[in-house]
Each structure stands twice: as C-alpha cells, then as structure tokens.
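By convention in this document, chain letters (A, B, ...) are assigned in the order of the sequence lines, proteins followed by strands, and residues within each chain are numbered from 1. Just so it is clear, the model here is predicted, and its values are computed rather than measured.
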2 protein chains.
Amino acid sequence: MTGRKRIRVRWRASAELTGDVLTYLTVPLAFPLLVALYYRESPVPFLVAIAAALALGSGFRSLRDPDVDLGPREAFLAVASIWFLVAAVGAIPFFVAGTGVLANPVNAMFESMSGLTTTGATVLVDFAVHPRGVMMWRQVLQWLGGLGILILATAVLSEIGVGGAQLMESETQTRDVSKLTPKISQTARLIWGIYVGLTVLAAATYLALGFVVDPQMDLYNAIAHAFTSVSTAGFSPEPRSIGAFHPAIQWAVIPFMVVGSTSFVLLYFAIDGEPMRLIKNDEFHFYLGSMGVFAAIVALVLALDPGSPFGPEATVRHAAFNVASMVTTTGYASADFDLWAPGAKHLLFMGMFLGGMVGSTTCSIKSLRWMVALKAFKRDLFTSIHPESIRPVRNSGAPVDEETIRDIYAYILLSVVIFFIFTVFVVVDAERGDARVNEFEAMGAAASTFLNIGPAFGAAGPYGTYASFPLSTRAVMIVLMWIGRIEIIPVLVLFTKSFWTS
Amino acid sequence: MTGRKRIRVRWRASAELTGDVLTYLTVPLAFPLLVALYYRESPVPFLVAIAAALALGSGFRSLRDPDVDLGPREAFLAVASIWFLVAAVGAIPFFVAGTGVLANPVNAMFESMSGLTTTGATVLVDFAVHPRGVMMWRQVLQWLGGLGILILATAVLSEIGVGGAQLMESETQTRDVSKLTPKISQTARLIWGIYVGLTVLAAATYLALGFVVDPQMDLYNAIAHAFTSVSTAGFSPEPRSIGAFHPAIQWAVIPFMVVGSTSFVLLYFAIDGEPMRLIKNDEFHFYLGSMGVFAAIVALVLALDPGSPFGPEATVRHAAFNVASMVTTTGYASADFDLWAPGAKHLLFMGMFLGGMVGSTTCSIKSLRWMVALKAFKRDLFTSIHPESIRPVRNSGAPVDEETIRDIYAYILLSVVIFFIFTVFVVVDAERGDARVNEFEAMGAAASTFLNIGPAFGAAGPYGTYASFPLSTRAVMIVLMWIGRIEIIPVLVLFTKSFWTS
Ligand SMILES: [K+]
Ligand SMILES: [K+]
C-alpha cells in the first residue's frame, strides 16, 4: 500500500468523449452565425466560440488513451464535464457580443446554462438590445440540450441507472429497441430522427398558422419556437413569450410541449406500428391524467376569481397552456400568471415538481417516479395492515423490484431536500444582497432553476427577469441548473472519495 | 360472496382500549381541579370534563368483546381514536371555562389537541384572562401526551412497525428490555418511572433555581414547566415562555429538553448500569451532533449580525436554547427569534424537521430516520459507482435491512409532501380569509403544527398566537397535529378500503 491512493477513474476516456462533443459543437454554432450574417450583424461572437470549441475540443481529444473504455464512473465524469463545458463555450457568443446584461460573464454563463439545460430562465432585461443572431443562439442551445438529454436518457443513464430512471428504459424499452438496433449509436439516431421530425413539424405548423392569423409569427419566430417547444425548453425571443402570439398559435404549441415530454422510445414504437404500447402505458396515463387534473383545477380557480380578466375560452386556454408548460417543464407563458389568484399560482408551482415522462426531453422529477412512489406507498399501507402478504408494485404490468422503489423514494427525497436548502439560500442571499425576495418568489425561483422549468413568480415571473437576484444567487443557480439537468447523481458522486480512488 | 363485504376489523377491541384510556383520564383531570380549588376558581370546567370522561369511557367499554385481541389494525384504530377523543375531552375544561378566545369550540379543541400532541402551538391572545386551573390543564395535557407517546413508541408502534420506526426499538432495544420484562405493561412501567423521575427532577431544579435567582419561578411555574420540558411539549403559562425567566433558568431548561428527546430505552439501560449503550449509540451521536452544528451556526449568524441585541453569553445561550427547543421539538422560546436575522430564522425552521431520538417524547421526523437515510444515500452513491458491490447500511453496528431503508425514505418523503401541500393550503386559505400570511409564516406554521413543534414565525411566532389564522385553517391544523403526532400511517390506513374489509 502506498501512502497516496492512486486515481482509479480512467478519466482519459471521459476527456476524449468531452473533446468529441466540444468539436461537434462547431456545427450548431454555424446556424446563429448564418443568422447573424443574414441580418448583417457581427459574426465575431460566433467565430470566437467556434475557435474556442475547436481548441478545447482538440485539447481534450489529445488526452485520449485508446486502450480504455467508458465504465459507469467515466460516463458520470463525462456527463458532468460535457454539460458544464458546452455551457461555458455556449456562453462565449453572449459574452463577446456583450450587449445589455450579457456583458457580465456570470449573466452570459447563466443564459447559456439555462439554455443548454433546457431551463429557459433568463437574465435578459431589455430583449431589443440584443442582435438577432445572439437571440437565436439561445434557442439553438436549448434544442441541443434537448437532443443531448434524449441521448443521455436513452443511451447513457439507462445503462448506469440513476435514481430509478433505469426502470422503464433499460428493463423493458431500450432493451427492445436494442434488439432492433444493436448499437447504442443507432438507438440515438432513431430518437434523433423523431426529435428532428417533430421540430420540423412544429416550425411548419407555427409558420403556417402565422401566415393565416398572425404575421408576427414569421420564419425567424417559427424556427426559434420550434427549437424550444419539442425540447420542452421554453426560451422565446419575445419578452411576452407565447403570450405575444394569436390564441390559435397558443393552442398549437400545447401538443408540441406535451409530445416533447412523452417517452421518445414509446413514440418510436407508436410510429413503428405499435401505438398500443404508448396508449396502454401506465406512466403515459399518469402523466396526462395529472396534467389534466391540474389544468381543470386552475381553470376552475380562474373561472371563480372575480378579478380574472379572461372569458371562457381564454380561461380554458391559459389554464391548459400554463399547466402544460409547467408540467412538461417547458416554461413558456401565455399570460402573466404571476398576477393570478394565489390558488392558481400555487398549483402552477406544484406542477413544476411533476415533470413529463422518462425518456423524453422533460426535466424535473418525472411522472414515472411519482407514479411508482405512489403505487409503492399504497402497497406499503396495505402491507402495514397485512404484514404477511407479498404484493409487488407493477408498472404497465411488469413488477418493479424493491431496490428500484427504494432508489425512486431516495431520488425524490433528495430533490426535495436540495430544493429546500436552495430556497433558504436564495432568501438569505437576497437579504444579504439587499434584494427584495419573498419566500414564495424564492421557492419558485429555486424550483424553477433546479428543476429546469424556467419562469417563477414575482420579479422572476414569466414576464420578469432573473437579473433581479443578486449576482451570487445567479452564480449558484448556474450550478443548480447543471446538477438538476443531469439528475444530480453524476455530480454528487464526483464529490465522494471512493469515486476517485476505490 | 355477498354484495357487501363485511367489516373485518375487530373494532370492539379498539373501543375497549379507548374506553379504558378515557376512564383513566379522570385521574389527571383531578390535578387542575385541585389547582382551581386552591386558587378559589370554579371547579365546574373540570367536573364537567370528568363526568364526560367517565360517561364516554364506560360507553366505549360497554362495546367490548372479551374474545378478541388487539391486532395491528385494531391497534391503529385504537391509537387514532384515543388521540382524537382524549383531545376532545381535554377541550371541555377550556370550552366550559370559556374565557377569552377559548369560548370558541374550535379554539378549545385547538388548544387541547396542541396540548395532547405535545405541539405547544397556542391560540391564546391574552394569557391573563384565563383561570390558573385552566392554564395548568394545558401543561398537564402535554405531560400526558408525552407519556402516551412514550408508551406508544415503545409498546405499540414498535410492534406494528411504522415508517421504519420499528428499526431500533423492536429489533434491538425493546426486545432486550422484553427479556427483562416479559409483559408490555412492565416495559411501559419502567419508562413511566424514568419519565416521572425526570419530571420531578426538573420541577425541583426549577424551583431551587427560582428560589436563588428568580422569585417568578414559584411552585406553580416550576411544576408547569417541568410538565412541558421532559415531554418536549412547550406550553408555558408565561406569554414570553422561558424568556420570562432568569438566564440561569434558561440554561437549566436545555438539558431537560435534550434528555426528553433522548431514547428512554437507552436511558433505562444507562440507569441500569450500561451507559455505554447510550454513549456509543449512533443515533445519539447524530442527534447531539446535528443539534450542536445548528446551534453553532445560529450563534455565528447572531454574532455577525450588527442588529443583534445580544452580548457574547446571551448569543450562545439564545442560540443553544432555541436550536435545542426546535430540534427536540419542545417549542419553548428564550427570546423572540422571529426578530432575528433571516439566516438564523431559517436555520431554526430547518431544525424543526430534525427531531430527537426514536423512543423518546420527541416529535417530527426524528434523528434515526435522517441518519439511516443519509447513510443509505451515501451507500447508494457508492453502489452507483460499484454496481457489483454489496454493502449493508449499519446502525450502531447492526445491519439495517433494505425494506426498513425503503420505509424510512417513504416516511420522510411523505412527511415533506404533506408539509408542502399543507403550506399551500395555509396560504390559500389565509388569502381567502383575508388574513395576511406570507409564505414563510405559512411554511413555519405548517411545519410547526404538523411536526408538533409549537411556535412558528410572523404572527404565529414564539410570542404570537395562532388566533391570527382563519378559523378554517385552525380547524385543519387540529387534524394535522393529530396525524403528525401518531406518525401519519395509523390515520392514513383508516382511509384505505382494505383496512376495513380484507
Ligand atoms: K424549461
Ligand atoms: K412541542
């Protein structure tokens, strides 16, 4: 035994993968570059970012060791570093453009991390001061983030199993997909295809509707919102978000958010001629059901509120839209729900914790975990009366093993505890920074960043800005968005000693 | 099969036990009766309550069926009904006296339930209007509640196993005690003896100190505060709580709160010549350690706050006192901590969720559950890197089974979810009732009643009153205190169909 334990993580394998991804980042950076050139804006922000991506990418690639493979630890390390470094490179165009609040590097990093993690929280104050290329880059980052999370959820996390998320994916679905497509890269490609297809469909739908009812929905806006609908990400170049557009367009956005939060593995089966696997899926029912119940109650609260400005159609539309936006974790707004009755606001807040289906672009805790936890809890109540009985918890007919149930409980509890401590930090840090943040705003902002929703309440409401929080709070929010998006565990394990040495 | 399923719970067994307890209630009711007679106050409130206890008690006893025993279901039903009905009878003296706010039956029930559940939240506004006998009854109820929970924790819950609480009790400790004392009633008697002994010691200590430093701590106050220290209950006849007394008395109260939240089974062993079983106990370390860390941080926050009125001794005393009060779930206050810096207030708030040791009079989630959850989570992080390894979680050397870990996760999660929904209810209900309750006050009041702490923040702060909440909120708080005190599950199972029929 030597005095110092040797590092046992084959970090060169993680570095190589990180380098690959950074190099690929040059391709999507070309899109806002073209937008900038089209609008005769400076291409410099994107050229600098492309140069940085190439330099960093080849630097990391040069660390590779051809003899090592990616094990669970190397995958965790790669996931954590990829999400962080891509966000850092993604911040370069914002910082180099340096318009408005983005001249501050923390703000540039906030906007980039919020983009890549598909959060959609913004520090922008005046949207009009930023070039159109830069404004488009926010949406491109979100679309990339959605794609990345799909690959992560179906290829990486499913293999190493985080917080019970392996349940549906690795045990039943991905394995079936793998039969059809022996290589992970092929699975990813199928999902990529559905994702691209839905994005194109969204852009075409928005553009067509814009042509008929709302000229403000032009090609630029159609593409920008298509990027952030299916990715359940929520950035909009419009300060009033989807509320800036015609009601027909608001209705049209809802199904794209909902589909974006539906399991892409089940969507693949549905397209491949097995729609019943989606239609009869327990999690799908739970997801649609909880969203429906929340929307119905919000609509009721709005309808009963004498202060509500909405007629019947608008009541139903805004309830359905904003509940779907929260539950799918998109974070668009069709109205300033910060002005709604407390009951409606609190329901939207609680909806943040639900999340869509595992294996989609959704964030937050996710329907599968809540559903299994609820079923398991009902089972536990039963066995507390009948201690001798054995009753497995079932998910779409298949028994869920007890270890997975334990992991799901632990994951939800961990999320809630982090949210809690983060809320306290936001309040105390705001007080220290002389910002006026009440507890509900703090809870909303903590949940909205950590669970990757986007808007919150009060100053950080749907039509507000996170620039109202102290810089130190924003810096911590960057970290929490990062941790939340990659499901906590890949970051937490990096801080255990056994990760590096045993 | 008949159309209607037959009720399978042997509810007559539960009714008999409930009737016994109601009949026994006449004994403690005699104490405030004597106090009332001594101070020449009306004895009627207590005579009415004694008559009601006897009538209800014999009514329930008449339902008995000598052939049936108490199974898990009958125990759940008995626990839920005993805690509710004793609180109802306990409310009679308050309502019959009818002084001040207590003329309202919801307030009388609130005060009684808050007493019996050792919560210590009060709806009283002006303490001076109430007779001394009635004011003493509050403390007697708390002392009874502490005794009841000790018997419940060591004799009943340990047998049927709720939320992982069976872990330490039934598996290691109670079984050992049972070897010495084959009958449950004898276990209860040993614990009763320690509890009475500690109460007498507390009264003697307070009285002696009062004699030396503070004449306000007379026999009445010494007995009243002894009743609510060891029971970690927190009612005080003084509106300023322990803050009304000399600093030396404040210091003296701390150890009694701490011991009241220490496992009485381990205290029994310590008295019986095996102190190492307490001193080397993992949960004991976790309990003292977390309390120490919280107190140190609160002291630091107070010391660094330029607005703090406290000198060095007072800073340490108030930090130690109020953290111990929150963590042990006593709910006394030595100062109006509602006026403290946000960091200190939030730490006290977070301390509410900890709780003392299993097998004591403590409330809230309890150290054992947090400790096992934390250990299990660290283990889970390890196995996420080393999926092949098997590592049991250990509690004081003994492996904890995985089912218990799952139950503990579930219990903590359930508590947090109920707290959350309850907070939202408090906010929305206050808004509806035109009360001014901000989110932090609502969170504090929800946690403080559901986790049976006592004071909260804002209007319901340590020197405030729960009368500031709408009547409907107070009514729901009564239910939540009841559910929280008996560890949720005995009430929840009553609402499952299989409890009654299968
Ligand atoms: K989002
Ligand atoms: K208490």
Side-chain angles (χ1 to χ4, degrees), chain A residues 9 71-73 76 160-163 301 341-343 345-347 349-350 353 373 376-378 380-382 384-387 389 402-403 405-414 416-417 420-421 423-425 427-428 430-432 438-443 489-490 492-493 495-496 498-499 502, chain B residues 9 71-73 76 160-163 301 341-343 345-347 349-350 353 373 376-378 380-382 384-387 389 402-403 405-414 416-417 420-421 423-425 427-428 430-432 438-443 489-490 492-493 495-496 498-499 502:
Chain A
V9 181
R73 276 190 277 194
F76 281 134
I160 50 186
V162 165
V301 172
K345 283 206 297 197
H346 278 85
L347 276 159
F349 170 65
M350 289 198 284
F353 289 82
F377 184 70
K378 280 171 79 172
D380 293 351
L381 276 189
F382 181 82
S384 74
I385 312 168
H386 301 279
S389 73
E402 296 301 317
E403 200 175 295
I405 292 173
R406 187 200 65 199
D407 287 351
I408 286 177
Y409 279 144
Y411 186 87
I412 302 178
L413 181 61
L414 176 69
V416 174
V417 168
F420 223 134
I421 296 172
T423 297
V424 170
F425 169 81
V427 171
V428 174
E431 186 84 15
R432 200 192 49 72
N438 72 35
E439 211 79 16
F440 186 56
E441 292 177 89
M443 292 197 335
I489 314 290
L492 280 194
V493 290
F495 293 95
T496 63
S498 64
F499 180 86
S502 70
Chain B
V9 182
R73 275 190 278 194
F76 281 134
I160 49 184
V162 165
V301 172
K345 281 204 300 197
H346 278 84
L347 276 158
F349 170 65
M350 288 198 285
F353 289 83
F377 183 70
K378 280 171 80 172
D380 293 351
L381 277 188
F382 181 83
S384 73
I385 312 167
H386 301 279
S389 73
E402 296 300 318
E403 198 174 296
I405 293 173
R406 186 201 65 200
D407 287 351
I408 285 176
Y409 279 143
Y411 186 87
I412 302 178
L413 181 61
L414 176 68
V416 174
V417 168
F420 223 134
I421 295 172
T423 296
V424 171
F425 169 79
V427 171
V428 174
E431 186 84 16
R432 199 191 50 71
N438 72 36
E439 211 78 19
F440 185 57
E441 292 177 88
M443 292 198 332
I489 313 290
L492 280 194
V493 290
F495 294 95
T496 63
S498 63
F499 180 86
S502 71

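- No other option in B:Asn438, B:Leu492, B:Leu381 has as many heavy-atom pairs under 4.5 Å with chain A as B:Leu381.
- Taking B:Glu402 as the reference, A:Arg406, B:Arg379 meet the salt bridge (Lys or Arg N to Asp or Glu O under 4.0 Å) condition, with sequence neighbours excluded.
- Here A:Leu414 is the residue among A:Val416, A:Leu414, A:Ile421 with the most heavy-atom pairs under 4.5 Å with chain B.
- Of the listed residues (A:Val417, A:Ile412, A:Ile385, A:Val428), the greatest number of heavy-atom pairs within a distance under 4.5 Å of chain B belongs to A:Ile385.
- Judged as a side chain to side chain contact (heavy atoms under 4.5 Å, CB included), and not counting sequence neighbours, the contacts of A:Phe349 are A:Met352, A:Phe353, A:Phe419, A:Phe440, A:Met443, A:Ala447, A:Phe457, B:Phe420.
- For the residue pair B:Ser498 and B:Arg73, the shortest heavy atom distance occurs at O-NH1, 3.4 Å.
- Distance check, rounded to the nearest 0.5 Å: CD1 of B:Ile489 to CG of B:Asp407 gives 8.5 Å.
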